[in-house]
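Note sheet for the following structure.
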2 protein chains.
Amino acid sequence: MKTSPPRPLRQAPVRSSPTLEDLAVAAGVSRSTASRAINGGDRVSPEAQAAVDRAVVALGYIPNRAARSLVTRRTSSIALVIPEPDVRVMMDPFFAVVITGITEALRETDVQLVLLMSRTDDDSSRTLRYLRGGHVDGAIVVSHHKADSWARSLAETGLPTIFIGRPWDTTFDVTYVDTDNVGGGRLAAQHLAGIGRRRLATVAGPADMTAAVDRLRGWKAGLAEAGLPEGPVVHADFTTDGAAAAARRLLAEDPDIDGIFAASDLMALGVLEALHAAGRTVPGDVALMGYDNHAVAETAATPLTTITQPMVEMAVKAGTMLLEEIEAPGSHPEPVIYSTELVERASTSVAPTASAANA
Amino acid sequence: MKTSPPRPLRQAPVRSSPTLEDLAVAAGVSRSTASRAINGGDRVSPEAQAAVDRAVVALGYIPNRAARSLVTRRTSSIALVIPEPDVRVMMDPFFAVVITGITEALRETDVQLVLLMSRTDDDSSRTLRYLRGGHVDGAIVVSHHKADSWARSLAETGLPTIFIGRPWDTTFDVTYVDTDNVGGGRLAAQHLAGIGRRRLATVAGPADMTAAVDRLRGWKAGLAEAGLPEGPVVHADFTTDGAAAAARRLLAEDPDIDGIFAASDLMALGVLEALHAAGRTVPGDVALMGYDNHAVAETAATPLTTITQPMVEMAVKAGTMLLEEIEAPGSHPEPVIYSTELVERASTSVAPTASAANA
DNA sequence: CGACAGCGTGAGAGCGCTCCCACCGGATCT
DNA sequence: AGATCCGGTGGGAGCGCTCTCACGCTGTCG
């Protein structure tokens with residue numbers, strides 16, 4: 001009477017990967033024991049453990065992440081949020097370094113890095129929903145001016161979050177890592193004053209970015225400490241072209257400037273360009289400093305004296321902190337600030353400029 | 001008799017996100033109908049659909065990815081595999097562009113990008129296991145010399161995979177996108193020959209990388225077509241320093257060289273350095289070409305003539321192709337090759353070198 | 001006027017895993 | 001001696017979702 005036709009299987013008989021059940025059968029134990037053996041082997045006899053281990057190898061067993069995640073409410077993945085719409089910004093080696101650092105922190109764990117980029121403001125709410133949706137266990141946000149809303153929104157969700165770069169708004173519970181931009185700005189002022197320059201100016205970054213504001217603050221403090229006047233300040237947008245225009249304004253305002261601090265190497269490049277166009281030599285007429293120790297600082301026509309910051313360590317730290325925060329929520333750690341260092345190159349040397357060497 | 005004590009809840013009563021069940025209740029429909037309404041709304045009455053839509057907004061419902069993934073066997077995420085141990089390589093803007101392009105292709109879908117970097121050979125098998133484990137629906141591999149084993153291993157797993165850059169071994173079923181490196185090499189030869197240079201040499205990339213081999217092949221073909229001898233070939237490792245050393249060997253071998261093609265801009269920088277150190281002017285004594293149209297090509301002491309390639313488009317294409325392959329498996333598409341273009345700058349201009357302008 | 005599509009719907013099974021609970025037997029305590 | 005504990009184990013429920021299936025219900029055709 002068993003004439004019922006062979007009903008098509010719900011799932012095509014594709015040779016799918018072995019389940020925990022298969023593993024348990026192969027190892028001759030129960031599913032529970034197999035599960036315990038897989039996860040650290042607490043309360044498992046050596047024999048059972050060995051049997052499971054063998055079966056894992058034999059079957060090529062790999063736990064199903066979705067099933068596990070469904071019950072543990074852990075996804076074993078974290079998000080790197082890059083709230084920048086612009087390809088140009090992505091091109092910044094900064095991001096590569098951040099990614100490398102986080103990846104480094106994630107080694108030895110089975111946590112995966114999910115990349116979240118919001119290219120438009122529209123994406124931004126989508127990204128936020130994604131984060132809120134419990135798809136990741138935590139997030140690292142690369143903080144720029146636009147990150148303000150992120151900081152607060154994320155803090156409200158209770159999702160473990162670390163910011164790289166101090167968020168603009170820190171009036172609530174937020175943990176971050178950053179470099180000592182104030183110290184870096186001060187270093188620049190000290191150095192230029194130290195080599196005898198007296199009429200100093202700066203091309204600062206956008207006034208709505210914490211890094212830019214901090215560098216400017218340090219710069220002013222350094223000048224004051226050296227007993228020098230504050231000097232002209234122009235703002236640019238961290239781009240080479242923008243800085244070139246800013247430098248032209250600077251030169252028009254005060255033609256006797258003998259030292260300029262650009263708040264980034266890319267901007268210093270623009271300043272260099274503008275100086276050359278105006279017939280000034282570097283460092284002969286004007287000593288020039290950048291910031292970031294970007295690759296271009298070394299390859300520039302006149303290699304740039306600049307400020308270097310331990311970005312990889314910072315990124316690694318961010319990753320480690322996030323992992324800890326996920327493991328033990330509520331232990332809001334203090335912000336970590338990394339100190340900066342001066343890198344001396346030709347653009348502030350007292351010797352004549354080297355850029356005309358092959359003339 | 002119902003004196004059983006209030007057993008502690010298995011799950012702490014944390015206010016967790018609403019489930020499909022909650023949604024269904026709120027909308028006054030069954031879980032099935034709610035599910036259908038969420039997923040495209042096939043076979044759902046307008047009223048039911050509207051009710052569900054309202055409930056979604058009201059409850060802030062977000063589907064649980066893990067649960068969905070468990071039954072659909074889809075993860076809605078793809079992996080970007082970067083088989084490079086070196087931070088330096090990561091710093092290459094290339095990766096930023098690739099990431100940007102893929103992200104662009106993924107917009108409008110809810111597919112997430114998972115980053116997989118293998119920094120050691122040990123990681124490599126770990127990564128492979130991860131990919132094999134069904135944690136992602138597909139993978140994009142940035143192909144370099146080391147990717148050989150990847151290609152074959154991945155092809156064997158049947159996981160939809162697209163390579164960016166032709167893998168070394170294409171004797172099996174593999175789909176990839178690439179730029180026309182042969183054409184680019186030929187372009188370089190044509191250009192240098194076209195401006196009247198006759199004693200041409202090249203600093204090629206590593207002989208185990210397809211891009212390097214292809215560029216060299218195109219270069220040789222271009223020379224032959226221009227009726228010029230093959231000239232000296234030295235290999236370097238795509239780094240500035242390595243290229244500088246290679247260039248010194250070149251100069252020692254044949255001091256009368258009047259044109260050099262470096263297979264990357266970074267290498268061209270090294271060559272430029274070596275040339276200057278040897279007292280040669282560029283382009284006066286020696287015309288110099290790079291490849292990639294890297295940012296440094298523009299900012300170099302002598303801006304570099306170089307070859308540009310549509311990398312963003314290529315990355316977008318890779319993303320799109322992968323999405324298609326996931327959607328309709330087995331439709332192994334043909335490789336897509338993007339053509340390259342010449343970008344002329346001062347390093348091959350016939351006019352006197354501009355780098356000494358501020359002397 | 002009965003048969004039969006076909007659409008919208010709800011019940012229910014089950015994806016692979018973790019974790020609570022009950023159980024068992026041997027060691028330890030009173 | 002019995003009571004108690006505790007390491008090791010297996011049974012079973014259930015995480016939130018999709019998907020198959022069966023069930024009305026309306027409309028159309030023979």
Side-chain angles (χ1 to χ4, degrees), chain A residues 4-5 7-14 16-52 56 59 61-76 110 133-135, chain B residues 4-14 16-52 55-56 59 61-76 110 133-135:
Chain A
S4 59
R7 287 224 320 268
L9 290 171
R10 159 120 181 264
Q11 201 78 30
V14 282
S16 68
S17 48
T19 73
L20 186 59
E21 189 73 52
D22 302 336
L23 219 219
V25 170
V29 298
S30 74
R31 198 169 69 265
S32 305
T33 302
S35 173
R36 277 186 289 261
I38 293 294
N39 301 292
D42 217 30
R43 287 209 179 348
V44 177
S45 67
E47 303 84 55
Q49 181 72 53
V52 172
V56 166
L59 272 63
Y61 173 76
I62 299 171
N64 182 314
R65 217 187 181 85
R68 174 177 286 177
S69 169
L70 184 56
V71 40
T72 58
R73 267 104 198 309
R74 283 291 201 81
T75 62
S76 285
D110 70 338
H135 299 310
Chain B
S4 57
R7 287 223 320 269
L9 289 172
R10 161 118 179 266
Q11 200 78 32
V14 283
S16 67
S17 48
T19 74
L20 186 58
E21 190 72 51
D22 302 336
L23 219 218
V25 170
V29 299
S30 74
R31 200 174 61 253
S32 306
T33 301
S35 174
R36 278 187 288 262
I38 294 293
N39 301 292
D42 218 31
R43 288 207 178 348
V44 176
S45 67
E47 302 84 54
Q49 180 72 56
V52 173
V56 166
L59 271 64
Y61 173 75
I62 299 170
N64 182 312
R65 218 186 180 87
R68 175 177 284 176
S69 170
L70 184 57
V71 39
T72 58
R73 268 96 199 315
R74 284 290 201 79
T75 62
S76 285
D110 70 339
H135 298 312

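Labels below follow one simple rule: chain letters A, B, ... track the order of the sequence lines, proteins then strands, and each chain is numbered from 1.
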Under 4.0 Å, heavy atoms only, any strand: does B/Ser32 hit a base, just the sugar-phosphate, or nothing? base
Scan residues 30-50 of chain A for pairs that pass salt bridge (Lys or Arg N to Asp or Glu O under 4.0 Å), counting only residues two or more places apart or in two chains. A/Glu21-A/Arg31
Quick one: on DNA chain D, does B/Arg31 or A/Arg31 contact a more 5' nucleotide (nearest heavy atom)? A/Arg31
Measure the angle between the two terminal helix axes of the helix from C/dC1-D/dG30 to C/dT30-D/dA1, five base pairs each, and quote it to 10°. 50°
Indicate, yes or no, whether a donor-acceptor pair under 3.5 Å links the base of D/dG16 to the side chain of B/Arg65. no
Along DNA chain D (nearest heavy atom to each residue), the more 5'-positioned of A/Leu70 and B/Asn39: A/Leu70
B/Ser35 side chain near D/dC17 phosphate (N/O to OP1/OP2, under 4.0 Å): no
Roughly, in whole Å, what's the span from CZ in B/Arg74 to P in D/dC19? 10 Å
Check nucleotides 22-26 of chain D for protein N or O atoms closer than 3.5 Å to its own N or O atoms and list the pairs.
none

Below 4.0 angstrom from OP1 or OP2 of C/dG16, is there any side-chain N or O of B/Arg73? yes
Residues that A/Ser30 engages under side-chain hydrogen bond (donor to acceptor under 3.5 Å, both in side chains), provided they are two or more places apart: A/Thr33
With a 4.0 Å cut-off on heavy atoms, is A/Ala66 in touch with a base, just the backbone sugar-phosphate, or nothing at all? nothing
Residues passing the side-chain hydrogen bond (donor to acceptor under 3.5 Å, both in side chains) test with A/Ser32, sequence neighbours excluded, are none
In whole angstrom, give the distance that lies between atom CG of B/Leu20 and atom P of C/dG12. 16 Å
Extract all donor-acceptor atom pairs below 3.5 Å that involve side chains of residues 64-72 of chain A and protein atoms in other chains or at least two apart in sequence.
{"from": "A/Asn64", "atom 1": "OD1", "to": "A/Ala66", "atom 2": "N", "distance (Å)": "2.8"}
{"from": "A/Asn64", "atom 1": "OD1", "to": "A/Ala67", "atom 2": "N", "distance (Å)": "3.0"}
{"from": "A/Arg65", "atom 1": "NH2", "to": "A/Ser76", "atom 2": "O", "distance (Å)": "2.9"}
{"from": "A/Arg65", "atom 1": "NH2", "to": "A/Asp110", "atom 2": "O", "distance (Å)": "2.9"}
{"from": "A/Arg68", "atom 1": "NH2", "to": "A/Asn39", "atom 2": "OD1", "distance (Å)": "3.3"}
{"from": "A/Ser69", "atom 1": "OG", "to": "A/Arg74", "atom 2": "O", "distance (Å)": "3.0"}
{"from": "A/Thr72", "atom 1": "OG1", "to": "A/Arg68", "atom 2": "O", "distance (Å)": "2.9"}
{"from": "A/Thr72", "atom 1": "OG1", "to": "A/Arg74", "atom 2": "N", "distance (Å)": "3.2"}

